[in-house]
J.: 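Right, I'll just put the structure down here and ask away after.
Below, chain A is the first sequence line, B the second, and so on; all start at residue 1.
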Amino acid sequence: MARILITSAIPYINGIKHLGNLVGSQLPADLFARYNRARGHEVMFICATDEHGTPAELAAAKAGKPVAEYCAEMHDVQAEIARGFRLSFDHFGRSSSQRNHHLTQHFAGKLAEAGLIREVEESQIYSIDDGRFLPDRYIEGTCPNCGYGSARGDQCDNCTKQLDPTDLINPHSTISGSTNLEVRSTKHLYLMQRSLRDKLEAWIDSKKDWPILTTSIAKKWLNDGDGLQDRGITRDLHWGIPVKKGDQIWPGMEGKVFYVWFDAPIEYIACTAEWADAQGLPDAAWQRWWRTDMGAADVTYYQFMGKDNVPFHTLSFPATILGSGEPWKLVDYLKSFNYLNYDGGQFSTSRGRGVFMDQALSILPSDYWRWWLLSHAPESADSEFTWENFQVSVNKDLADVLGNLVSRVTKFCVAKFSAHVPSAGEFGEQEARLIEELGQRIKDYSACMESMEVRKASAELRAIWVIGNEYLQAAAPWTVVKTDPERAQAMIRLSLNLIRVYAILSAPFIPDAAAAMMAAMGSDDWTWPDDIAAAMSKLPAGHAFTVPDNLFRKITDEERADWQQRFAGIRT
RNA sequence: GGCGAGGUAGCUCAGUUGGUUAGAGCACACGACUCAUAAUCGUGGGGUCGAGAGUUCAAGUCUCUCUCUCGCCA
């Protein structure tokens, strides 16, 4: 039994994520977690909401709520939707937790001790009425170059000239509109990634089995232009983790918080601590997942994320870990995904284009989405969601191939025999061939799952479903029953057992349908079918089963047309 | 403009280190079957692998140029 730590990139707090976000991290991570649990491994699957930073403050202000309250509410909303998609997190935490406060401050302290933090004095625009500094895009004014009236602090959108906020003529705050501004000096902390560059490169070079997408992005940041740059890890904001050196005051940094990208990945660790707290377990329970000196030496750590997150996970976060000088677990395998496009364009959160997680669940159960998204996961390149493709894939794969198989077997048995596993007859050559092929197919399927080849795994699973139909078609129990009912009974006995095995194999992709299949077979034995022959006799003769309702209904042309129109425009 | 990723059957995509007649699913055509959600199974048609040039005994697979798409950055 292996010990497997899995983290999904943590979704930002300000709103509900779309299907592209889901398929890029949480969903494949869940697939991998479910599979490994099914194989009997010890799994810790962690996700959380990423709650700090200006966008959260602004969203809260827009909603007319204190930011802490807003985040708490949105966390609950996201947690509920995650449950709806059957995302099987061991814990869904919050980056604003006290655990993360302490751990983030701890890491900053260790980095300072190691001489990897430098303090930088900067000039920024301060809004007296807003009571805050105004980072680049929160200040606008007239461009000194072209006279454009809405130039941003960092750049003029009209003439593209790069600006310093202090260059703007008649600047004003984009938050309040106030012109009561002044230049103030402010101090910030920088993580000296440059001095960790060689260490990071050596570490990345040691990862020979990582996807090209992952390593090429990391290499680009290491080598592009002037190479890896030091990174500011503090901000002049109210909402966030107060800057401290461990549990000590950091002189000159009072009132400042850590930058969201510094504390967010640390939440992976903190979230595991939150899990232990929620379970009433001591610190050792989470430390054995993260501290190689406290039992995590045999843990294999997998991260899942969209490609936009790769630089932070290959460079910034490892810099934090390595720089601390403490024996924290580094990622062993980083699985990254490209983007999912929506009907010829991009999903857009701001424009409400595409399908969002809550909307998806409101029109169809999660299994439909899980199956389509995973079987079309953007692994090697960006991929495309269209309603036509969604409709035909789901109808064919789920309703026709799998759902109908369950239906035809159970209904035939009840009609010709009874609602009990038939007892007569022996397995013959056809059954032996099926079992042999199934064994090979399951091996291929497992190999894909272990190497996280999501699309290939889904294709293998589908092929496994198909051989059930092939077998039935060739064996033709509906014909055999007329002349040799005992032989037909053996065929159906095998087929009923096949349904139970399919439930086990399919559960990582479509957990609800799998549960329905298992329940219909009157079993709760989810043991992975390592021994296929034995698994095909698991349901004993005379064992009672039920005919389940159709596992999957078909999506009609009318529905497809309706949804296509509904989700093309603006989210209301 | 710079960088990155791509352009393979009508559609969505596979194609290891260059090596026999380029694959899958869907769609389409025909056939079989009739237990089942008008489901299933079988057979078949269909591609000058974006364009051009080069390296090689041999290129979808390597090199160069061009072109188109998408994303990121400035």
Side-chain angles (χ1 to χ4, degrees), chain A residues 20 154-157 159-163 209 211-221 223-226 229 306-311 336-348 371-373 375-417 448 451 453-463 465-482 488 491-492 495-496 499 513 547-556:
Chain A
D154 55 342
Q155 182 182 37
C156 174
D157 284 334
C159 68
T160 74
K161 184 178 170 60
Q162 286 182 65
L163 303 171
D209 58 342
I212 293 168
L213 180 66
T214 302
T215 50
S216 70
I217 291 173
K219 289 295 224 177
K220 189 192 167 211
W221 282 61
N223 300 317
D224 208 35
D226 297 330
Q229 297 299 305
K307 61 184 170 186
D308 52 327
N309 271 327
V310 169
S336 58
F337 289 84
N338 287 287
Y339 293 143
L340 179 68
N341 289 320
Y342 178 78
D343 218 4
Q346 291 181 51
F347 275 88
S348 169
W371 175 253
W372 190 90
L373 289 168
S375 62
H376 294 78
E379 290 179 293
S380 61
D382 290 355
S383 65
E384 170 106 353
F385 176 93
T386 65
W387 286 102
E388 290 83 357
N389 188 300
F390 178 68
Q391 181 193 21
V392 297
S393 295
V394 162
N395 286 354
K396 189 70 184 174
D397 298 347
L398 296 181
D400 295 348
V401 174
L402 178 62
N404 181 54
L405 175 72
V406 173
S407 184
R408 66 196 296 205
V409 169
T410 52
K411 285 179 182 173
F412 179 82
C413 186
V414 169
K416 301 294 178 184
F417 309 119
C448 291
S451 57
E453 294 178 275
V454 175
R455 296 179 83 127
K456 274 191 186 170
S458 76
E460 287 295 338
L461 179 58
R462 187 189 190 281
W465 295 339
V466 165
I467 62 179
N469 280 316
E470 286 173 356
Y471 164 77
L472 270 186
Q473 207 63 34
W478 48 88
T479 304
V480 173
V481 71
K482 295 169 187 165
M491 291 170 180
I492 292 303
S495 301
L496 289 166
I499 291 171
V547 178
D549 294 334
N550 282 348
L551 292 175
F552 299 98
R553 69 175 186 82
K554 293 199 187 191
I555 298 167
T556 65

J.: Indicate for each nucleotide in nucleotides 29-35 of chain B, in 5' to 3' sequence, whether protein heavy atoms under 4.0 Å reach the base (B), only the sugar-phosphate (S), or nothing (-).
T.: ----SSB
J.: Send over the distance from A/N338 CG to B/C72 C1', rounded to a whole Å.
T.: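 The answer, rounded to whole Å, is 13 Å.
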J.: What is the separation between atom CD1 on A/I555 and atom C1' on B/U37, rounded to the nearest whole Å?
T.: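 My rounded result for the distance is 14 Å.
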J.: Please name the nucleotide paired to B/U40 by Watson-Crick or G-U wobble geometry with both distances under 3.5 Å, or report none.
T.: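 Because both required distances fall under 3.5 Å, B/U40 counts as paired with B/A32.
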J.: B/C3 pairs with which nucleotide, Watson-Crick or G-U wobble, both distances below 3.5 Å?
T.: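 B/G71 - that is the nucleotide pairing with B/C3, both distances being under 3.5 Å.
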J.: Which of these nucleotides, B/U37, B/U12, B/U40, is closest to any side-chain atom of A/R455?
T.: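 That would be B/U12.
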J.: Is there side-chain contact between A/V394 and A/F552, with heavy atoms separated by less than 4.5 Å?
T.: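 No; the side chains remain at least 4.5 Å from each other.
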J.: Rounded to whole angstroms, how far apart are CD on A/E470 and P on B/U43?
T.: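 Value for this atom pair: 9 Å.
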J.: Which atom pair, heavy atoms only, marks the closest approach of A/C448 to A/K456?
T.: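 Heavy atoms only, the tightest pair is SG-CB, 3.7 Å.
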J.: Send over the distance from A/D397 CG to B/G25 C1', rounded to a whole Å.
T.: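 So the two atoms are 8 Å apart, to the nearest Å.
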J.: Rounded to whole angstroms, how far apart are OH on A/Y339 and C1' on B/U12?
T.: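 My rounded result for the distance is 21 Å.
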J.: Take atom CD1 of A/I492 and atom P of B/A36, then tell me their distance rounded to the nearest Å.
T.: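 Between P of B/A36 and CD1 of A/I492: 11 Å.
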J.: Mind checking who B/C11 pairs with, Watson-Crick or G-U wobble, both distances under 3.5 Å?
T.: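 Across any shown strand, B/C11 pairs with B/G25.
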J.: Check step by step if side chain to side chain donor-acceptor pair (under 3.5 Å) holds for A/D397 and A/W372.
T.: CA-CA 9 Å; A/D397 298 347; A/W372 190 90; over 6 Å; no
J.: Walk me through it: do A/R462 and A/K396 pass the test side-chain contact (heavy atoms from CB on, under 4.5 Å)?
T.: CA-CA 10 Å; A/R462 187 189 190 281; A/K396 189 70 184 174; 3.7 Å; yes
J.: A/N341 CG to B/G6 C1': how many Å, rounded?
T.: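 Value for this atom pair: 12 Å.
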